[in-house]
J.: 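Following this message is one structure expressed as C-alpha cells.
As the structure lists them, so they are numbered: ligands from 1, and atoms in each ligand from 1.
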Amino acid sequence: MNAQVEPLSDKEIEDRLAELPGWSAEGELLRRSYAFHGHFPAAAMVIHIAQIQEELGHHADLTLGYNRLAVAVNTHSIGGRITHLDFGLARRIEDIAPAHGAR
Ligand SMILES: C[C@H](O)[C@H](O)[C@H]1CNC2=NC(N)=NC(=O)C2=N1
C-alpha cells in the first residue's frame, strides 16, 4: 500500500508547515500537541480523529493525557518518512480542532 508515495523534501515540508500553525517536523515525524479544558473533550477528539483516520486509511500515533492530546504521524509504508499523506491528515485534524475547544 502507498508504495508510490514519495517522501517530501525539506523545502516542501517547510512550505506546507507554513499552512499549519502549531505543527512541526521533528526528525521524521509531523507533530502537534493540543490542550483542552478537561479530559472528555480531549478523549472525544481522539474518537473524531479515529473516524477521519479510517476514512483516509492513514493513522497517527495519538497520546492522550488528562487535558492534552499529542499527535505524531509519518508514513510507515515507505519506512517512516513525512509525505503528503501526513499533511493531509494533519489538515483534517486541524480543521476539526476548534469544534473540540482544542488550542
Ligand atoms: C492498508 C492501509 O491503508 C495501510 O496499511 C495504511 C494504514 N495506515 C497508515 N498510517 C500511516 N501513518 N502510515 C501508513 O503507511 C499507513 N498505511
J.: Relative to atom 12 (N) of ligand 1, which among Asn74, Val5, Thr75 owns the nearest non-hydrogen atom?
T.: Asn74
J.: Under a 4.0 angstrom heavy-atom cut-off, which atoms of ligand 1 come close to Gly57?
T.: 3 (O), 6 (C), 7 (C), 8 (N), 9 (C)
J.: Tyr34 vs Trp23 aromatic rings, parallel, tilted or perpendicular, using cut-offs 30° and 60°?
T.: perpendicular
J.: So with a 6.0 Å cut-off around CG of Asp10, is the heavy-atom count from everything else above 12?
T.: no
J.: Does at least one non-hydrogen atom of Leu89 fall below 4.0 angstrom from an atom of ligand 1?
T.: no
J.: Report whether Met45 and Ile52 are members of the same hydrophobic cluster (ILVMFWY, side-chain heavy atoms less than 4.5 Å apart, transitive linking).
T.: yes
J.: Using a strict threshold of under 4.0 Å (side-chain N to carboxylate O), is an ion pair present between Glu19 and Arg91?
T.: no
J.: For ligand 1, is any non-hydrogen atom under 4.0 Å from Asp86's backbone (N, CA, C, O), its side chain (CB onward), both, or neither?
T.: neither
